[in-house]
Amino acid sequence: MSGTKIRGLSREQLTHGLVQVSLDLTTIDEALRTAAIAVEAGVDWLEVGTPLALAEGTRAVRALRKEFPDHPLVADLKIMDGGYGESRLYGDAGANAVVVMARAHDATIERACAAGEEYDLLVMADDMGSTDPAAEARRVESLGVGMVIHHLGHDHRSVNRHLNLSPLTTLPDVVAATAVPVQAVGGLSIEQAVGCPAMGAGVVVFGAPLVISEESGSAVPDEDLLGVLSEAVTRVHATVVKHP
């Protein structure tokens, strides 16, 4: 796809993995600094993470759009209501994609998709909290979303560490249930994330700060981030996306 347009992205277009970096930071200065490293490392998409969206709002989108005009921007808003208005707000600011929660009412998802049509936004549905991720994937696709995010949330994983929860467990079911592109997020190590395209999830997400392992909780130091991320991006770009 050309430019920053990612709405309409299909699985067929994802022959090899793409990389999205989630800027889970709380200031625009931090986000710009980390985004510059990510772009130098070769990432494809930049994400305004939920903490950044809460702390800085659309200002973060405008700042990133000004600094990185050629990179698609994903706004992880986790929309539960006001699907049209919130999507429009961030579309106006320069976002190319917004995230709505799959557990939102059908009407909210449909209204987010209506804004997607009007503002050329990829609408991504996050299935966090779903008891049947495959069924949820089919539902949100039928409502018009263009990508499914298969997500096990941080709090759920943290409280239930003894269960060794991972989105990879049910990822094959989600990939098989829907025809739109899929992401898998939630506690993945760098190695696990790099392997996602081979499981059918072609857009790989790395959080920033970049954590080597959820078990160790060790983050990559800023001075090492470029090298670690560059290697991961190269590996993802070289990985063929498996299609069911």
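Numbers for residues simply follow the sequence, beginning at 1.
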Would you check if [X] and [Y] make a side-chain contact, meaning some heavy-atom pair closer than 4.5 Å?
| X | Y | value |
| --- | --- | --- |
| Val185 | Val205 | yes |
| Val241 | Thr15 | no |
| Lys242 | Met199 | no |
| Leu229 | Val21 | yes |
| Ile79 | Ser87 | yes |
| Phe206 | Ile190 | yes |
| His162 | Asn160 | yes |
| Gln183 | His151 | no |

| Option among Val203, Val43, Ile6 that satisfies the side chain to side chain contact (heavy atoms under 4.5 Å, CB included) test with Gln20 |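 Exactly one option meets the side chain to side chain contact (heavy atoms under 4.5 Å, CB included) with Gln20, and it is Val203.
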| query | With respect to Val98, which candidate in Val74, Leu121, Leu122 satisfies the side chain to side chain contact (heavy atoms under 4.5 Å, CB included) definition? | reply |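 Single pass found, and it is Leu121.
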Counting N and O atoms only, with roles assigned by atom type, does the side chain of [X] sit under 3.5 Å from a partner on the main chain of [Y], one being a donor and the other an acceptor?
| X | Y | answer |
| --- | --- | --- |
| Thr169 | Ser166 | yes |
| Glu141 | Ala179 | yes |
| Arg88 | Tyr84 | no |
| Asp127 | Ser130 | no |
| Glu117 | Ala114 | no |
| His150 | Pro167 | yes |

Any chance you could measure [X], atom [atom1], to [Y], atom [atom2], to the nearest 0.5 Å?
| X | Y | atom1 | atom2 | value |
| --- | --- | --- | --- | --- |
| Phe68 | Asp70 | CZ | CG | 11.0 Å |
| His105 | Leu143 | NE2 | CG | 10.0 Å |
| Met147 | Asp126 | CE | CG | 12.5 Å |
| His156 | Met128 | NE2 | CE | 10.5 Å |
| Leu152 | Asp155 | CG | CG | 12.0 Å |

| said: Using the rule given for side chain to side chain contact (heavy atoms under 4.5 Å, CB included), can you reason through Val140 versus Val148, listing the C-alpha separation, both sets of side-chain angles and the distance that settles it, and then say yes or no? | reply: CA-CA 8 Å; Val140 297; Val148 171; 3.9 Å; yes
Do you know which two heavy atoms are closest between [X] and [Y], and how far apart they sit?
| X | Y | result |
| --- | --- | --- |
| Ile109 | Ala102 | CD1-O, 3.7 Å |
| Met124 | Ile149 | CB-CD1, 3.9 Å |
| Pro197 | Val236 | CG-CG1, 4.3 Å |
| Thr170 | Pro133 | OG1-CG, 4.4 Å |
| Leu64 | Ala35 | CD2-CB, 3.9 Å |
| Ala38 | Leu46 | CB-CD2, 4.3 Å |

| said: Using the rule that Ile, Leu, Val, Met, Phe, Trp and Tyr join whenever any side-chain heavy atoms are under 4.5 Å apart, tell me whether Met101 and Val174 fall into a single cluster. | reply: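 Hydrophobic grouping puts Met101 apart from Val174.
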| Asp81: what forms a salt bridge (charged side-chain N to carboxylate O under 4.0 Å, His left out) with it, not counting sequence neighbours? | none
| query | Excluding sequence neighbours, so at least two apart, what forms salt bridge (charged side-chain N to carboxylate O under 4.0 Å, His left out) with Asp106? | reply |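 Checked Asp106 against salt bridge (charged side-chain N to carboxylate O under 4.0 Å, His left out); matches are Arg139.
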Going by side chain to side chain contact (heavy atoms under 4.5 Å, CB included), name the residues that satisfy it together with [X], two or more places apart in sequence or in a different chain.
| X | result |
| --- | --- |
| Arg11 | Val175, Thr178, Pro181, Val182, His243, Pro244 |
| Gln192 | Leu168, Leu188, Ser189 |
| Pro69 | none |

Side chains of [X] and [Y], donor plus acceptor under 3.5 Å:
| X | Y | result |
| --- | --- | --- |
| Asn96 | Arg65 | yes |
| Thr27 | Glu30 | yes |
| His71 | Thr4 | no |

| Ion pair present between Glu67 and Arg33, side-chain N to carboxylate O less than 4.0 angstrom? |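 Salt bridge flag = no for Arg33 with Glu67.
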Considering only distance and modelled atom types, tabulate donor-acceptor pairs under 3.5 Å from the side chains of residues 48-61, sequence neighbours left out.
residue, atom, partner, partner atom, Å
Thr50, OG1, Asp76, O, 2.9
Thr50, OG1, Asp76, OD2, 3.2
Thr50, OG1, Lys78, NZ, 2.8
Glu56, OE2, Ile28, N, 3.4
Arg59, NE, Glu56, O, 3.4
Arg59, NH2, Glu56, O, 3.3

| task | Give the C-alpha distance, both sets of side-chain angles, the deciding distance and a yes or no for side chain to side chain contact (heavy atoms under 4.5 Å, CB included) between Asp44 and His237. | result | CA-CA 10 Å; Asp44 303 288; His237 285 170; 2.8 Å; yes
| Test log, rule side chain to side chain contact (heavy atoms under 4.5 Å, CB included), inputs Thr108 and Met80 | CA-CA 7 Å; Thr108 297; Met80 279 296 291; over 6 Å; no
